[in-house]
Amino acid sequence: MEYNFREIESKWISFWQANNSYQVSEDSTKEKYYILDMFPYPSGAGLHVGHPLGYIASDVLARYKKLQGYNVLHPMGYDSFGLPAEQYAIQTGQHPAVTTEENIKRYRSQLDQLGFCYDWDREVRTSSPEYYKWTQWIFKQLFDCYYNEKSDKAERISILIEEFEANGNTKIQASHDCEIEFTSIEWKSFDSEKKEAVLQNYRLAYLADSWVNWCPELGTVLANDEVINGKSERGGHPVVQKKMRQWSMRIKAYAERLLQGLGQIDWTDSLKEQQKNWIGKSVGCSVIFNIEGYDSPVEVFTTRPDTIFGVSFMVLAPEHPYVEHITTESNKKAVLNYQQAATKKSERDRQSDVKSITGENTGAFAIHPLSGEKIEIWIADYVLASYGTGAVMAVPCGDQRDYDFARHFDIPIKNIFADVDLSEAAHTDKTGILKDSAFLDGCSVPEGIKKSIETLELKGFGKGKTNYRLRDAVFSRQRYWGEPFPIYYKDELPYAVEDQNLPIELPKVDSYLPTQEGEPPLARAAKDSWNYFAGDRMEFNTMPGWAGSSWYFLRYMDPSNENEFVSKEKSEYWKQVDLYIGGAEHATGHLLYSRFWTKFLFDQGYISFEEPFHKLINQGMILGKSSFVYRIADSNTFVSKGKLQGQDTQAIHVDISLVENNKLNIEDFKKWRKEYADASFILEENGDYICGDEVEKMSKSKFNVQTPDELIQNYGADTLRLYEMFLGPIEQSKPWDTKGISGVHNFLRKCWRLYCNPEGESIVQQGQEATKAALKTLHKTIKKVTDDLDRYSLNTCVSTFMIAVNEFTEQKCKNLEVLEQFLILLAPYAPHFCEELWMKIGKEEGSLFAANFPVFNADHLVEDSFDYPISFNGKMRFKANLSLSLDRTEVQKEVENMELTKKWLDGKTPKKVIVVHGKIVNIVV
RNA sequence: GCGGAUGUGGUGAAAUUGGUAGACACGCUAGACUUAGGAUCUAGUGCCGUGAGGUGUGUGGGUUCGACUCCCUCCAUCCGCACCA
């Protein structure tokens with residue numbers, strides 16, 4: 001019988017399931033290897049061919065490591081809280097848990113078809129109460145900790161309280177937003193409300209009024225990484241700034257460690273660079289400027305304190321709280337107008353309108369801390385309220401924005417750089433020598449920075465300081481389908497629910513919409529709908545999507561532990577993830593937050609490693625090929641691509657199942673949608689309708705989604721696995737095209753014929769000695785496959801398999817030792833296929849993955865002669881087979897005497913002959 | 001504007017420390033077989049040229065006996081950030 005993939009694959013999938021073949025447990029006699037896929041959100045659309053790309057890669061590598069003798073942890077689960085299920089609930093009233101359950105079933109059956117070696121006993125779902133109990137528990141730990149900058153780690157809030165009781169907050173070094181200073185006596189005089197309000201400024205998970213990205217359409221706030229160009233990442237809805245009382249995570253406290261940790265992990269440069277930019281460290285100095293006739297000074301941050309004598313004005317953000325106090329009477333009207341105009345402009349407008357220079361003079365003056373000069377104070381929206389102190393000292397000679405602003409408003413530009421021309425632009429390079437700068441005259445930039453900070457600190461007008469662009473992450477969402485907070489309120493003060501009452505389960509509600517008062521959906525829950533209720537009310541917000549995904553890799557190690565989120569013993573064994581595969585879109589979201597939580601859990605001693613993912617591979621996106629029909633404007637007539645000229649048409653996506661090789665199936669198209677039933681067509685000469693095409697992201701709305709189901713039906717999972725790997729390097733994006741799939745399918749069939757006759761009986765022979773040629777092919781393949789898998793070059797292995805099978809076929813190889821070894825090499829890619837043949841050649845059923853991965857033996861590759869390429873001036877002209885026992889001068893002699901050499905020399909004498917033994921001969925003419 | 005990545009046949013791509021550019025496939029061309037099929041097999045296939053040969057890895061330059069690979073310049077595409085003081 002021919003290769004019957006359908007029968008074989010369903011047989012082995014049930015075999016593995018029945019035998020629990022992929023169950024793993026901790027085994028101290030074996031070295032561990034933890035390989036992880038980013039778990040999916042189970043959407044209603046199911047898997048398309050792009051999803052499995054990473055899963056196949058991780059499965060190949062997991063099976064490879066297993067064959068090499070590692071104890072491999074390779075789990076899978078679902079990031080099952082999320083907006084789509086909730087939107088569906090709002091529309092239909094169906095509980096999101098029901099929708100989610102259905103979607104998970106579909107995902108699971110699709111995943112099962114592909115023959116993955118996941119240990120499904122370890123499955124986690126972020127939306128299951130057994131799981132989110134521990135998400136809530138970790139939240140509680142964050143709530144109960146602050147960041148001690150002296151010990152540089154998170155510590156319990158009780159330690160902070162002791163410190164407050166002993167010394168107040170004047171000496172403490174901690175990450176905080178506390179704007180007041182108090183002594184121990186004052187602290188003790190505070191009532192509990194006041195105390196808690198202070199503590200909120202220190203807790204790592206805290207409640208605060210903050211400016212948030214509010215998305216009215218989604219009815220919730222979004223984190224910075226969920227907002228792209230002023231629109232929501234999901235759905236593309238507008239986002240506005242709003243001040244709201246929200247839970248936040250003090251991730252800023254970890255900014256420096258998150259930055260430093262990048263040095264210890266093996267991620268791509270682009271990903272590290274993205275995180276680096278997101279953290280946005282800048283080192284400089286804060287400088288204090290007194291204001292004429294106003295009590296409080298303005299603090300500014302600068303990275304160039306060396307240019308302090310180049311300051312010719314100061315700019316505040318329009319929102320700066322001082323503006324209303326310092327503006328002079330005569331300027332009040334203009335300033336107020338400007339402020340109002342600025343608030344009306346959305347963040348997005350302000351960013352897109354970078355070119356036009358606007359601002360207003362407040363009429364107030366600051367006093368230069370070193371020269372004592374009077375400096376105009378302006379407001380302008382190029383200064384952001386949310387970065388630094390919302391104020392800058394403007395140095396037009398050294399900063400292009402300040403320069404442009406000064407030019408626009410005719411503010412004098414001081415030149416403090418020797419021999420620098422400022423007529424065209426500012427001198428923004430960190431080069432040159434300072435002049436007209438008092439004690440800084442003659443300094444280079446680094447010298448100037450050092451000296452200016454020293455002086456400012458000495459005089460009490462400044463302090464060396466490091467700023468980060470990273471903001472604290474807003475942690476609450478006004479939605480239903482997320483983790484409830486383990487928090488209740490008494491007199492509007494938040495209290496943590498006791499551990500024994502966790503999890504706080506999602507209560508039943510009558511609708512998934514906000515209340516009339518604009519409270520989140522959980523506010524609809526009746527008191528007795530909660531499984532636990534305390535105080536005046538429970539927290540109404542839920543946690544954001546990244547809560548559950550920030551620690552899920554830990555839960556896989558110990559998924560059913562009811563007493564701990566993970567036992568110390570198990571996390572000690574599995575440790576960090578060795579290889580993590582997933583999309584690059586999580587660069588500043590999930591991948592940053594999980595690093596943050598991991599560091600926190602490390603600080604608190606729950607785990608012994610500080611970075612969650614050692615090696616990370618971003619798989620490229622598989623793009624779809626969309627097809628288009630062209631409709632004449634305001635008509636129901638469609639024009640074929642070749643007839644478009646001179647027509648006013650509109651391109652419309654058409655379902656790719658209606659199109660073959662760009663040719664539209666007109667009958668099916670008419671049936672596709674009612675409105676097209678009586679469409680008319682302008683066709684090509686041969687009567688075809690030819691569609692346009694374009695490579696785009698796969699999506700339902702573009703009708704270009706290719707599911708794996710159909711391909712598995714036609715070619716089998718092993719073919720699909722091989723094909724997706726064969727497409728190209730894993731990190732690269734590529735358009736999906738099924739044209740090449742027959743190539744890998746034919747390869748499997750050809751390989752099958754190597755083992756079986758047409759009756760399906762094994763033709764592999766035992767007891768004969770393998771030929772030299774067969775051993776050479778085998779060991780060449782072992783070496784290449786091992787090397788390639790070790791550097792994650794999964795595509796080149798497939799070519800190597802093809803070459804091997806071509807060679808074995810040519811050699812008519814039937815040798816058992818050779819062919820059984822080859823099956824092990826191929827098994828990570830085509831597990832069902834190889835298990836079947838493994839059995840056919842007489843091995844124990846299902847024992848393939850207990851075998852040892854073949855080991856390369858260089859002896860089989862030793863040759864006694866080599867086909868030297870003979871090149872002239874670096875151009876290969878012919879080849880000469882020469883014994884490898886010849887040394888360099890002997891090779892040269894042989895080559896020089898050859899007829900072909902004489903022909904190419906054409907009577908000339910060679911200037912030089914380069915012989916690289918066993919590699920090449922190059923003759924320079 | 002800044003940062004990162006990538007540019008190789010008609011297509012997906014390979015070439016790991018500088019050493020035969022285009023492996024392996026798809027597609028295409030011709031042929032064989034044929035129960036006419038999306039099966040199998042054989043030969044060919046970077047481009048120009050009948051040929052000898054020339055030419056060729058985004059562009060232009062450099063280093064080298066020798067460059068897809070190293071250095072400089074410019075161009076294109078994709079991704080990220082974007083008034084961050």
Side-chain angles (χ1 to χ4, degrees), chain A residues 2 228-229 268-278 280-282 284 287 300-304 307 315 317 350-355 357 380-384 386-395 398-402 404-405 467-470 584-585 587-588 618 620-621 714 722-723 726-729 731-747 749-750 753 784 787-788 790-791 793 795-806 867-879 910-916 918-925:
Chain A
E2 281 258 302
I228 305 206
N229 291 332
T268 60
D269 288 343
S270 92
L271 204 58
K272 287 188 185 180
E273 200 63 33
Q274 276 182 56
Q275 292 215 340
K276 217 174 129 188
N277 291 341
W278 193 259
K281 179 180 184 175
S282 50
V287 186
V300 301
F301 175 75
T302 176
T303 54
R304 293 291 303 276
T307 62
V315 189
R350 263 168 84 162
Q351 282 173 11
S352 56
D353 189 20
V354 174
K355 291 265 155 55
I357 297 164
D381 64 6
Y382 83 88
V383 174
L384 305 175
S386 51
Y387 182 76
T389 58
V392 302
M393 57 178 225
V395 184
D399 183 287
Q400 194 57 44
R401 293 154 306 177
D402 297 345
D404 294 340
F405 193 84
N467 247 346
Y468 298 91
R469 201 177 69 101
L470 183 73
E585 65 273 22
T588 48
N618 287 129
M621 213 179 332
N714 293 336
L722 277 161
Y723 183 57
F726 186 60
L727 279 176
E731 319 77 358
Q732 228 164 74
S733 288
K734 48 227 147 192
W736 178 256
D737 192 343
T738 48
K739 269 191 211 149
I741 201 164
S742 61
V744 283
H745 189 62
N746 287 342
F747 154 73
R749 296 162 53 117
K750 191 168 180 180
R753 291 200 294 271
K784 175 86 174 135
D787 288 355
D788 286 358
D790 285 342
R791 62 190 177 102
S793 172
N795 54 325
T796 48
C797 291
V798 183
S799 313
T800 308
F801 296 138
M802 290 174 171
I803 293 168
V805 164
N806 289 345
D867 243 359
Y868 278 94
I870 313 297
S871 48
F872 292 77
N873 293 334
K875 264 246 147 331
M876 205 276 287
R877 295 305 181 183
F878 64 91
K879 284 185 190 169
K911 265 193 216 148
K912 199 170 170 189
V913 178
I914 285 127
V915 178
V916 182
K919 273 260 165 76
I920 198 167
V921 178
N922 190 19
I923 298 170
V924 188
V925 188

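The analysis underlying the following values was restricted to heavy atoms, covering all of them including side chains, and did not include hydrogens, waters or symmetry mates. Not measured: the values here are computed from a predicted model. Reminder, nothing fancy here: chain letters follow the sequence lines and each chain counts from 1.
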*Looking at the side chain of Lys734(A), which of rC26(B), rA85(B), rA13(B) is the nearest nucleotide?*
rA13(B)
_Classify Lys879(A) by what it touches in the nucleic acid, base, sugar-phosphate, or nothing, heavy-atom distance under 4.0 Å._
base
Pull out every protein N or O sitting under 3.5 Å from an N or O of nucleotides 15-17 of chain B, one pair per line with the distance.
from, atom 1, to, atom 2, distance (Å)
rA15(B), OP1, Arg791(A), NH2, 3.3
rU16(B), O4, Lys784(A), NZ, 3.1

*Partners meeting ring-ring contact (aromatic ring centres under 6.0 Å, His included) with Phe747(A) (sequence neighbours left out)*: none
*asked:* Restricting to non-hydrogen atoms, name the atom on Thr307(A) and the atom on Met393(A) that form the minimum distance, rounded to 0.1 Å.
replied: OG1-CE, 4.1 Å
*How close do Ile741(A) and Tyr723(A) get, heavy atom to heavy atom, and via which atoms?*
N-CE1, 3.6 Å
*Give one of base, sugar-phosphate or nothing for Pro729(A), where a contact means two heavy atoms less than 4.0 Å apart.*
sugar-phosphate
Look for any protein N or O under 3.5 Å of an N or O in nucleotides 28-32 of chain B and output each such pair with its distance, or none.
none

If you restrict it to nitrogen or oxygen atoms, what contacts under 3.5 Å exist between nucleotides 2-8 of chain B and the protein, and what is each distance?
from, atom 1, to, atom 2, distance (Å)
rG3(B), O2', Glu273(A), OE2, 3.4

*Any idea which heavy atoms bring Asn922(A) and Asn873(A) closest together, and the distance?*
OD1-N, 3.5 Å
*How does protein reach along nucleotides 51-69 of chain B, written 5' to 3' as B (base within reach of a heavy atom under 4.0 Å), S (only sugar-phosphate), or - (no contact)?*
--SS----------BS---
*Base-pairing string, 5' to 3', of RNA chain B - Watson-Crick or wobble, under 3.5 Å, | interstrand*: (((((((..(((......[....)))((((((.......))))))(((....)))..(.(((..]....))).))))))))....
*Tell me, please, which residues at least two apart from Trp278(A) pass ring-ring contact (aromatic ring centres under 6.0 Å, His included).*
none
*Listed partners of Ala584(A) passing side chain to side chain contact (heavy atoms under 4.5 Å, CB included), at least two apart*: Asn618(A)
*Base, sugar-phosphate alone, or nothing: which one does Phe801(A) contact when heavy atoms must sit under 4.0 Å apart?*
nothing
*asked:* Could you report the tightest heavy-atom contact between Tyr868(A) and Lys919(A), atom names first, then the distance?
replied: CE2-N, 3.9 Å
*Would you say the side-chain atoms of Asn806(A) and Lys750(A) include a donor-acceptor pair closer than 3.5 Å?*
yes
*With sugar-phosphate meaning primed atoms plus P, OP1 and OP2, does Asp402(A) contact a base, only sugar-phosphate, or nothing at under 4.0 Å between heavy atoms?*
nothing
Which side-chain N or O atoms in residues 795-804 of chain A pair as donor and acceptor under 3.5 Å with protein atoms at least two apart or in another chain?
from, atom 1, to, atom 2, distance (Å)
Thr796(A), OG1, Asp788(A), OD2, 2.7
Thr796(A), OG1, Ser793(A), O, 3.2
Thr796(A), OG1, Ser793(A), OG, 2.6
Thr800(A), OG1, Thr796(A), O, 2.8

*What is the per-nucleotide protein-contact pattern of nucleotides 34-48 of chain B, from the 5' end, where B denotes a base atom under 4.0 Å from a protein heavy atom, S denotes such proximity for sugar-phosphate atoms only, and - denotes neither?*
----BSSS-------
*Report the residues that fulfil salt bridge (Lys or Arg N to Asp or Glu O under 4.0 Å) with Arg749(A), sequence neighbours left out, ordered by chain and then residue number.*
Glu2(A)
*Return the set of residues passing ring-ring contact (aromatic ring centres under 6.0 Å, His included) with Phe405(A) (not counting sequence neighbours), or none when no residue passes.*
Phe313(A), Trp378(A), Tyr382(A), Phe409(A)
